[in-house]
Amino acid sequence: MTKIPLAVRSKILSSYDTFIFDADGVLWLFNKAISGAPELLNSLIEIGKQVIILSNNSTRTIDEYVEKKTMEDAGIEVFGVGADHVEDYTKGNFLTNIDVSRKVSAVVVSYDIHFNYIKLMRAVNYLKDPNVDFIVTEGDIIVPGPVPDVILPCTGWISSAIRTVSGREPFSIGKPNSPVFNYISEKFNINPKRTLMTGDSCFSDIPFGNRHGFDTMLVLSGSHSLKDVEKSISEDSMEFVPKMYAPSVKTLLNDEEIKEENVVDEISGA
């Protein structure tokens, strides 16, 4: 029998020194902070806890995340960002050729609302060269949005399309995979046994924590719900099952916000 308890602030504060949070669906939804999130982060920092925000979100432009000059100084040339219109390549109903004479080192796949047939064609033709790396930032299928019950596809569908056509398997650098774990382990003093990973995704956040020795907490303010956890339990896919859950990070602000009868509320499955 598997039991997933509701998180309780007092127990959590005494059990962990490092708190890793996903961002979208955990701390904010688009540009709006989730209720209690700023206060929680400040309270954790004030009592000396190490707080890390670890997001797979790569929707910012290069200029927004890092000055373009920094990229150029590092010797990295980037192209392919933004819209790519069919009219620029053909006047007919079919596209039968594409220019891939420009040398590249890698095809890097991330969230892109402009992804289309042209970008797919360019990517798979570059990937015919085994010396060109195939890298994906993450494999999230959906991303939480501000409109309830509206599904927002994420990077996973794009990488799946390129994988299918190219026959190449990508190297994923984001959660739940090890490159990002190796990075934060080198940069921060982390004891996995004293670390809590909090996220809203049973496909990225929770397995990331479980694979790397962290305790895990699912918040229900984003992508996944208790039904998703129940499904993973029924399929014996325990990698996707958190150690605990909470309605949102606001639950961790004050034990008094949790009614006593809810503290023993559990998910049970065979």
Side-chain angles (χ1 to χ4, degrees), residues 21-34 53-62 64-65 78-86 95 98 106-127 133-177 179-180 197-209 218-232 235 237 239-240 242 248:
F21 294 93
D22 179 43
D24 296 285
V26 178
L27 302 177
W28 58 73
L29 282 174
F30 278 67
N31 295 323
K32 185 178 180 181
I34 287 178
I53 299 175
L54 191 63
S55 176
N56 276 349
N57 189 333
S58 56
T59 58
R60 302 294 186 212
T61 65
I62 297 170
E64 289 173 312
Y65 268 135
V78 180
F79 70 96
V81 178
D84 213 343
H85 302 291
V86 173
L95 182 64
I98 195 147
V107 171
V108 181
V109 180
S110 188
Y111 181 82
D112 182 4
I113 63 172
H114 300 292
F115 187 74
N116 59 11
Y117 187 89
I118 294 167
K119 290 190 175 184
L120 173 62
M121 190 171 177
R122 180 182 289 115
V124 299
N125 278 282
Y126 271 125
L127 289 172
D133 293 328
F134 181 15
I135 301 170
V136 298
T137 56
E138 38 80 20
D140 289 341
I141 305 300
I142 58 173
V143 61
V147 183
D149 300 325
V150 173
I151 296 174
L152 300 183
C154 199
T155 307
W157 75 274
I158 301 174
S159 59
S160 293
I162 296 173
R163 281 169 43 213
T164 300
V165 180
S166 70
R168 295 273 302 271
E169 286 298 320
F171 177 71
S172 181
I173 59 177
K175 296 174 294 183
N177 300 290
V180 67
M197 173 72 218
T198 299
D200 67 310
S201 172
C202 291
F203 296 151
S204 59
D205 303 320
I206 301 308
F208 174 73
L218 178 72
V219 289
L220 309 180
S221 51
S223 296
H224 290 127
S225 68
L226 294 182
K227 289 184 179 180
D228 297 300
V229 177
E230 291 172 342
K231 183 174 185 293
S232 293
E235 295 174 350
S237 300
E239 182 181 43
F240 306 115
S248 74

Nearest non-hydrogen partners of [X] and [Y], listed with the distance:
X: Val109; Y: Phe134; answer: CG2-CE1, 3.6 Å
X: Val229; Y: Leu218; answer: CG2-CD2, 3.5 Å
X: Gly25; Y: Val219; answer: O-CG2, 4.1 Å
X: Asp205; Y: Lys175; answer: OD1-NZ, 2.7 Å

Which distance, rounded to the nearest 0.5 Å, do you find between the [atom1] of [X] and the [atom2] of [Y]?
X: Glu230; Y: Ser225; atom1: CD; atom2: OG; result: 8.0 Å
X: Ser159; Y: Phe115; atom1: OG; atom2: CZ; result: 9.0 Å
X: Ile98; Y: Tyr126; atom1: CD1; atom2: OH; result: 8.5 Å
X: Lys227; Y: Cys202; atom1: NZ; atom2: SG; result: 14.0 Å
X: Ile141; Y: Ser160; atom1: CD1; atom2: OG; result: 5.5 Å
X: Thr155; Y: Asp112; atom1: OG1; atom2: CG; result: 9.0 Å

- Under a 4.5 Å cut-off applied to non-hydrogen side-chain atoms, are Ile162 and Val124 in contact?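 SC-SC contact between Ile162 and Val124 confirmed.
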- Min side-chain heavy-atom separation Ser201-Phe208 under 4.5 Å: no
Check: [Y] main-chain N/O paired with [X] side-chain donor or acceptor under 3.5 Å:
X: Trp157; Y: Cys154; result: yes
X: Asn56; Y: Gly174; result: no
X: Asn116; Y: Lys119; result: yes

- Item | Matching residue for Thr198 among Ile206, Asp22, Val26 - test: side chain to side chain contact (heavy atoms under 4.5 Å, CB included) |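 Single pass found, and it is Val26.
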- Query: Which salt bridge (Lys or Arg N to Asp or Glu O under 4.0 Å) pairs, counting each pair once, include a residue from residues 140-166, with sequence neighbours left out?
  - Reply: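 Qualifying pairs, neighbours excluded: Arg163-Glu169.
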- Could you verify whether a donor N or O on one side chain and an acceptor N or O on the other, from Ser248 and Ser221, lie under 3.5 Å apart? no
- Message: Among residues at least two apart in sequence or on other chains, which ones pass salt bridge (charged side-chain N to carboxylate O under 4.0 Å, His left out) with Asp200?
- Response: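 Once residues adjacent in sequence are excluded, Asp200 has no partner under the salt bridge (charged side-chain N to carboxylate O under 4.0 Å, His left out) criterion.
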